[in-house]
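Worksheet: the structure to be examined is printed underneath.
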Amino acid sequence: MAATKTYLTGIQTSGMPHIGNYIGAIKPALEAAGDNDTLYFLADYHSLNSVKDPDKLRHDIRSVAATWLACGLDPERTTIYRQSSIPEVFELTTVLTTVTAKGLMNRAHAYKAARDRNEAAGNADLDAGVNMGLFNYPILMAADILVMEAHVVPVGRDQAQHIEYAADIAKSFNHLYGDSYSFPIPQGSFPEGEASILPGIDGRKMSKSYDNHIPIFLPENKLKKLVRRIPTDSTPVEDPKDPDTSVPFQLLSQFADKERTAETRKRLEAGGMGWGELKNDLFEVLNATFGPMRERYDELVAPGSELDDILEAGAARARERSRATLAKVRAAVGMD
Ligand code: TRP
């Protein structure tokens with residue numbers, strides 16, 4: 001029997017995910033989890049770099065955890081925990097800093113982008129606004145992965161460099177201490193194609209930073225209003241319309257079943273279906289998809305819900321692994 005592989009992924013805790021995150025990340029991750037040994041964690045210390053409001057941080061962590069659980073993450077079959085519950089992550093981070101070249105960090109995309117922005121703004125100090133948390137971000141991420149001895153890390157393409165760095169850092173450690181202990185070298189697993197990129201309500205890629213997103217668990221009346229706001233042209237109801245350039249149609253096709261999508265396409269192309277009707281249909285389909293999950297989300301996100309127990313149980317399981325790894329790492333470097 002092939003040895004089972006450990007899958008691990010970190011989830012940023014930056015507010016309620018939107019329906020583009022659902023199609024692009026949450027749904028495929030839950031499907032891929034299958035029977036693998038899978039760990040999901042909330043990267044709350046990574047978020048601390050940018051979120052300096054304790055109430056917001058607290059709420060975001062709950063909201064993101066409740067979203068994944070409401071969308072179907074089964075805490076019996078997968079391990080879900082908060083990064084901040086695992087002290088070994090931070091101990092390992094310190095060890096890893098001692099085998100990581102500063103030059104490697106200088107070349108990290110996020111850090112370089114911050115310097116480029118300063119340069120473009122004519123700022124003499126290229127490091128202005130850069131904190132050490134941002135600079136060290138890739139090492140903390142390597143520790144997240146290596147402390148659980150993960151083999152496969154499912155992430156978006158934008159994270160490819162971070163996974164390469166984790167592999168490089170693991171190799172540096174293994175090179176020095178491999179006689180005693182070696183980390184498995186982690187590999188990224190990336191979504192294929194562009195199919196999973198959803199348009200936002202303005203037609204650009206759906207993204208919080210464009211403020212064109214549809215949050216997953218918007219209350220029904222707000223969801224309806226937001227869908228109504230999607231801009232459409234003034235083609236009269238009776239005229240034929242092109243589904244492939246229509247944002248409401250593209251969104252509908254991601255959530256409606258095949259028959260309904262095909263039927264809608266036909267009616268738009270033939271003429272006789274107005275944008276208003278299309279948007280009503282879109283609202284209906286979104287509400288049918290997320291309505292039941294929204295109820296579960298509301299229960300979990302409420303203070304004092306079972307969410308706390310779920311995250312604590314996950315952390316307890318994750319810590320068995322992280323403690324075992326740290327014991328080996330400490331012995332290997334001579335700290336036993
Ligand atoms: N940097 C990842 C992101 O922005 C989140 C993350 C933190 C992560 N630690 C991780 C992902 C470890 C995978 C493995 O999405």
Side-chain angles (χ1 to χ4, degrees), residues 5-18 20-30 32-33 36-51 57 60-61 63-65 67-68 73 78-90 92-93 96-97 100 105 108-114 131 133-170 183-191 196-197 205-209 213 314-315 318 321-322 325:
K5 287 193 170 172
T6 298
Y7 284 61
L8 167 136
T9 201
I11 308 162
Q12 272 191 23
T13 56
S14 48
M16 184 193 288
H18 54 68
N21 299 138
Y22 178 77
I23 293 290
I26 300 178
K27 201 167 160 230
L30 295 177
N36 293 304
D37 175 22
T38 306
L39 300 147
Y40 292 96
F41 71 93
L42 305 152
D44 45 6
Y45 263 111
H46 277 117
S47 299
L48 190 58
N49 274 317
S50 49
V51 184
L57 191 71
D60 283 354
I61 293 167
S63 171
V64 172
T67 300
W68 279 74
L73 187 148
T78 60
T79 302
I80 179 167
Y81 59 97
R82 296 168 61 155
Q83 178 189 41
S84 58
S85 304
I86 315 293
E88 289 77 18
V89 167
F90 312 103
L92 182 58
T93 299
L96 297 181
T97 60
T100 304
M105 295 301 111
H109 293 327
Y111 173 61
K112 269 176 48 187
N131 62 35
L134 172 70
F135 190 66
N136 268 332
Y137 188 113
I139 307 182
L140 179 56
M141 183 157 159
D144 292 329
I145 296 168
L146 301 179
V147 84
M148 299 301 166
E149 299 186 310
H151 303 99
V152 184
V153 187
V155 279
R157 295 243 161 239
D158 62 319
Q159 297 296 310
Q161 190 195 42
H162 285 147
I163 310 298
E164 278 164 34
Y165 275 27
D168 284 352
I169 294 170
F183 290 112
I185 304 301
Q187 270 192 331
S189 148
F190 306 101
S196 54
I197 294 179
K205 177 188 175 212
M206 187 177 290
S207 163
K208 250 180 219 158
S209 44
H213 60 293
R321 302 173 75 113
S322 61
T325 307

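Here the structure is a predicted model, which is why all the values come from computation and not from measurement. We're numbering straight along the sequence, starting at 1. Indexing begins at 1, ligand by ligand and atom by atom, following the structure's order.
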Got the closest protein heavy atom to atom 9 (N) of ligand 1, with its distance?
-> Asp144 OD2, 2.8 Å

Ile145 contact mode with ligand 1 (heavy-atom cut-off under 4.0 Å) | side chain

For Val153, the ligand 1 atoms whose distance to one of its heavy atoms is below 4.0 Å | 13 (C), 14 (C)

Over 12 non-hydrogen atoms of neighbours within 6.0 angstrom of NZ in Lys208 | yes

Considering only heavy atoms of Ala43, which atoms of ligand 1 have at least one such atom less than 4.0 Å away?
-> 7 (C)

How about His46 and Tyr137: are their ring centroids closer than 6.0 Å?
-> yes

Nearest heavy-atom contact between Ser322 and Glu88 is OG-OE1, 3.0 Å

Pairwise side-chain contact, Ile26 with Trp68, heavy-atom cut-off 4.5 Å (strictly under) = yes

How close does the nearest protein non-hydrogen atom get to atom 11 (C) of ligand 1, and which residue and atom is it?
-> Gly10 N, 3.3 Å

From CA spacing to verdict: side-chain contact (heavy atoms from CB on, under 4.5 Å), Leu146, Thr325 = CA-CA 8 Å; Leu146 301 179; Thr325 307; over 6 Å; no

Is it true that Tyr45 and Phe90 have ring centroids separated by less than 6.0 Å?
-> yes

Here the atoms of ligand 1 under 4.0 Å from any heavy atom belonging to Val155 are 11 (C), 13 (C)

Where does Leu140 meet ligand 1, judged by heavy-atom distances below 4.0 Å: at the side chain, the backbone, both, or neither?
-> neither

Can you find an N or O of Gln12 that's nearer than 3.5 Å to an N or O of ligand 1?
-> yes

Only one of Ile145, Leu92, Val147 passes side-chain contact (heavy atoms from CB on, under 4.5 Å) with Phe183, and that residue is Leu92

Protein contact of atom 2 (C) of ligand 1 - nearest heavy atom, named by residue and atom, plus distance = Gln159 OE1, 3.2 Å

Indicate, as side chain, backbone, both or neither, the part of Phe41 found under 4.0 angstrom from ligand 1 when only non-hydrogen atoms are considered.
-> side chain

Report, in ascending order of atom number, the atoms of ligand 1 lying under 4.0 Å from any heavy atom of Leu8.
-> 14 (C)

Answer side chain, backbone, both or neither: which part of Asp158 comes under 4.0 Å from ligand 1, heavy atoms only.
-> neither

For His46, counting its heavy atoms only, list the atoms of ligand 1 lying under 4.0 Å from any of them.
-> 7 (C), 9 (N)

Check: Thr13/Asp60 side-chain N/O donor and acceptor closer than 3.5 Å | no

Have Arg321 and Thr6 got a donor and an acceptor in their side chains that come within less than 3.5 Å?
-> yes

